[in-house]
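Single-structure report; data block below.
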Amino acid sequence: MDENVKQKRELIAAISDLFLRFGLRSTSMDDIANHLKISKKTLYQQFANKDDVVEQVMLYRRDEKIKNTDVNQLAKKNPIVVMSEIRDFMVSDLGSRLPANHFDLRGVL
C-alpha cells in the first residue's frame with residue numbers, strides 16, 4: 001500500500017474515533033486538526049471540506065465492515081439488499097455509539 005494512502009487511512013481512522021466519541025455535528029474541522037495534531041491547512045490538503053471528511057469516514061467504516069464479511073454470502077444477495085444492509089449498519093454502528101450521530105446521519109444516508 002502506498003505510504004500516502006496508508007497515512008490518509010490512519011487519519012480517517014482517528015477521525016472516525018473522534019466522530020464516535022463526540023458526534024458528527026459536534027466535531028468541527030478545528031477539533032479534528034487539534035486531535036490529529038496537524039494544522040487546518042494540512043487537513044484541508046487532505047479533505048475538501050467537512051462533508052468530504054464525513055464521506056471518507058463512512059467509506060472507511062464500510063470498507064472495514066466489508067473486510068469482516070463473508071464475500072461468498074454477499075455474492076448470493078441482491079446488490080440493493082447489500083447496499084441497504086450497509087446503510088443500516090452505518091446508521092446503527094455510529095448511532096449506537098452516540099445517539100446524536102443517528103440523527104446527524106439521517107440527512108446523509
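For the pair Gln45/Ile38, no side-chain contact is recorded, criterion being any heavy-atom separation below 4.5 Å from C-beta on. Between Lys6 and Arg9 the shortest side-chain heavy-atom distance does not fall below 4.5 Å.
Summarising the local packing, CE of Met29 is surrounded by more than 12 heavy atoms from other residues, nucleotides or ligands at distances under 6.0 Å.
By the salt bridge (charged side-chain N to carboxylate O under 4.0 Å, His left out) test, Glu10 is found to be paired with no residue, residues two or more places apart in sequence or in another chain being considered. Among residues two or more places apart in sequence or in another chain, the side chain to side chain donor-acceptor pair (under 3.5 Å) test is passed with Asp31 by Ser28.
When all heavy atoms of Ser16 and Arg61 are compared, the closest pair comes out as OG-NH1, 3.0 Å.
Arg21 contributes atom CZ, which lies 13.0 Å from atom OG of Ser26 (distance to the nearest 0.5 angstrom). Atom CG in Leu24 sits 10.0 Å away from atom CG in Leu18 (nearest 0.5 Å). To the nearest 0.5 Å, the span separating OG1 on Thr42 from NZ on Lys37 amounts to 14.5 Å. Annotation: the span from Ser39 atom OG to Asn34 atom CG amounts to 10.5 Å, rounded to 0.5 Å. In this structure, Ile12 CD1 and Phe47 CZ are separated by 4.5 Å, a value rounded to the nearest 0.5 Å.
Applying the salt bridge (charged side-chain N to carboxylate O under 4.0 Å, His left out) test to pairs two or more places apart or on separate chains, those with a residue in residues 38-59 are Asp30-Lys40.
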Tell me, with the steps shown, if Gln56 and Gln46 meet side chain to side chain contact (heavy atoms under 4.5 Å, CB included).
CA-CA 10 Å; Gln56 300 261 345; Gln46 296 293 321; over 6 Å; no
